[in-house]
Amino acid sequence: MIMDAKETIRQGKAVLGIELGSTRIKAVLIDEDNRPIAQGSHEWENQLADNLWTYSIDAIWFGVQDCYRDLRANVVEEYGVEIETLSAIGVSAMMHGYMPFDKNGRILVPFRTWRNTNTGVAAAELSELFNYNIPLRWSISHLYQAILNKEEHVGEIDFLTTLAGYIHWQLTGERVLGIGDASGMLPVDPETKNYSSRMIKQFDELVAPYSYPWKLEDILPKCLLAGENAGVLTEEGARHLDISGNLKSGVPVCPPEGDAGTGMVATNAVKQRTGNVSAGTSSFSMIVVEKELSKPYEMIDMVTTPDGSLVAMVHCNNCTSDLNAWVGIFREFQEMMGMPVDMNELYGKLYNHALSGDADCGGLLSYNYFSGEPVTGLSEGRPLFVRSVTDRFNLANFMRSHLFGAVSVLKIGNDILFNDEKIKVDRITGHGGLFKTKGVGQRVLAAALNSPISVMETAGEGGAWGMALLAGYLVNNADDRTLSDYLDTVVFGGNVGNSISPTAEEVEGFNRYIKSYIACLPVEQSAVDCKK
């Protein structure tokens, strides 16, 4: 295996996937059998500047370069070879947000991430105009909000893109975007596989009184499907990525995608009637639907797979951050008592103990809102734990309530799909940090969604691996297979993972929990109003 991997790297046959997540940038190198053979990473955090969440351009490039440097160092240490060329490269990142550039390639305002919730007026007006749900974090919402705010930079915009689109542009010189990420800039037409021409016309008419020198279509990246030509790594791009100077230019680079798209690929969930749930710092579910929903829903975003199939997405700004913070308290206690701390063991014991709690958490409630949560109508967040004197307050219920809290908003959105829209799904696959402790997050999510949940052994590889698979699809799809067929046969070989089905008691318990959770949302709102 080691010799095979060494030769794969030495001969330039390895494929590289990079994903810029909310808290970590990760690079994965895969071989010709799609197996990870090397990894690199860089930890980072967003910053609150002028009351908006952002990552600076300097932080972005330092992170990307440090991640690649870590990958390169690991390759040299394990295999004794340098990465000089690659078969293909793919870049993905946290979806949506706002990155406007002028004609000289200068960013006009700091990157506004998906986490910002300052676009409420714009999103509401556009949703009404388009008769289509336009979420707060989508690029078109940020653009129109900047227009409503009369921000001076808007007239100077020459190019508007996402974080993945920006990195790709700098590596290749190409202003393009994979359709999955593009569908979070502006809705796409599932028939034409391009931005909605109707909505482009409506938007241009809406902002015509401002007399900007651009039309919307002119400043958006070109929309591409998985497997389409998206350019090659330039000399400048190679230096951007590998500051050591070893990496050569000319490597094909696949269309850049968002983290939702790479999650679908990493879980083999791009076919209709399949779905996946990504649960980490934020969470989202992606259900590939067979037709349009009967009407727009504020809680559900309509995006696409990387090959253009329609997807109903429930996106939650918050997931495991508060849960992790509470585990951190137990770590502090162990350290204070002079006990050695193994974080994997600590998570495992606390999570598994939660399974012994009451089906409804004994009445305890957890609101994990580090930031605002559009699905439940909160523009800001305050982490909050709620109980009454009659509730069953013990460690098992305490931990169970925080696990339930991590997926509660996800349940609220998906209940619309399954109960109101009668959407059918054959398989839902989970991936992300919540599922790292075997069987626990999987069982909790199964109870929340009243559906079997599968987890694959490869799920821990994450979005960077999914992005590497998309890059591999660009150069290794000799038989011209569809993306779903390529994943089914070439990558996964029919493996659908290990499945857990919920019991009737677990489903009923979560339903009781969510009823109290929704009833007590005014308590969370009060915390936002009173605690600054």
Begin with the C-alpha distance, continue with both residues' side-chain angles, and end with the deciding distance and a verdict on side chain to side chain contact (heavy atoms under 4.5 Å, CB included) for N118 and N116.
CA-CA 6 Å; N118 63 306; N116 292 294; 3.5 Å; yes
Apply side chain to side chain contact (heavy atoms under 4.5 Å, CB included) to I157 and Y212, showing your working.
CA-CA 9 Å; I157 296 177; Y212 293 122; over 6 Å; no
E174 vs K222, salt bridge (charged side-chain N to carboxylate O under 4.0 Å, His left out): CA-CA, chis, key distance, verdict
CA-CA 9 Å; E174 300 290 338; K222 182 180 179 181; over 6 Å; no
Would T192 and N194 count as a side-chain hydrogen bond (donor to acceptor under 3.5 Å, both in side chains) if you check the C-alpha gap in whole Å, the side-chain angles of each, and the deciding distance to 0.1 Å?
CA-CA 5 Å; T192 65; N194 206 342; 5.8 Å; no
Can you check salt bridge (charged side-chain N to carboxylate O under 4.0 Å, His left out) on D420 and K295, steps first, answer last?
CA-CA 11 Å; D420 298 346; K295 62 180 182 179; over 6 Å; no
Evaluate T376 against Y369 for side-chain hydrogen bond (donor to acceptor under 3.5 Å, both in side chains), listing each step before the verdict.
CA-CA 10 Å; T376 48; Y369 297 1; 3.1 Å; yes
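Between Y98 and L143, the closest side-chain pair of non-hydrogen atoms falls below 4.5 Å. For the pair S321/T281, a side-chain contact is recorded, criterion being any heavy-atom separation below 4.5 Å from C-beta on. Contact of the S244 side chain with the R69 side chain is not registered, since no non-hydrogen atoms from C-beta on lie closer than 4.5 Å. Taking the side chain as every heavy atom from C-beta outward, I200 and L186 approach each other to under 4.5 Å.
D181 and T162 share a side-chain donor-acceptor pair at under 3.5 Å. Side-chain polar atoms of Y297 and E421 form a donor-acceptor pair below 3.5 angstrom.
The two residues F111 and Y55 come nearest to each other via the heavy atoms CB-O, 3.7 Å. Pairing each heavy atom of N133 with each of P296, the nearest pair is N-CB, 3.9 Å. The two residues A279 and C319 have their closest heavy-atom pair at CB-SG, 3.9 Å. Across every non-hydrogen atom of I9 and I83, the tightest pair is CG2-CG1, 4.2 Å. Residues V375 and H315 approach most closely at CG2-O, 3.5 Å, considering heavy atoms.
Side-chain N or O atoms of D31 include one that pairs as donor or acceptor with a backbone N or O of D33 at under 3.5 Å. Side-chain atoms of S141 come within 3.5 Å of backbone N or O of P135 as a donor-acceptor pair. A distance-only check finds a donor-acceptor pair linking the side chain of T119 to the backbone of L136 [under 3.5 Å]. The backbone N or O of S22 sits nowhere less than 3.5 Å from a side-chain atom of N46 that would complete a donor-acceptor pair. Put simply, the side chain of T429 never gets that close to the backbone of N276: no donor and acceptor are under 3.5 Å apart.
Using bins of under 30°, 30° to 60° and over 60° for the plane-to-plane angle, the ring pair F159/W169 lands in the perpendicular bin. Classification of the Y166-F101 ring pair by plane angle, with boundaries at 30° and 60°, yields parallel. Between H42 and F62, the two ring planes are perpendicular [angle over 60°; tilted spans 30° to 60°].
Salt bridge annotation for R273-D426: present, with a cationic side-chain nitrogen under 4.0 angstrom from a carboxylate oxygen. Under 4.0 Å is where a charged nitrogen must lie from a carboxylate oxygen, and between R137 and D301 at least one such pair does. Ion pairing between E7 and R10 holds under the 4.0 Å rule for side-chain N and carboxylate O. The pair K26-E19 does not count as a salt bridge, with every side-chain nitrogen at least 4.0 angstrom from each carboxylate oxygen.
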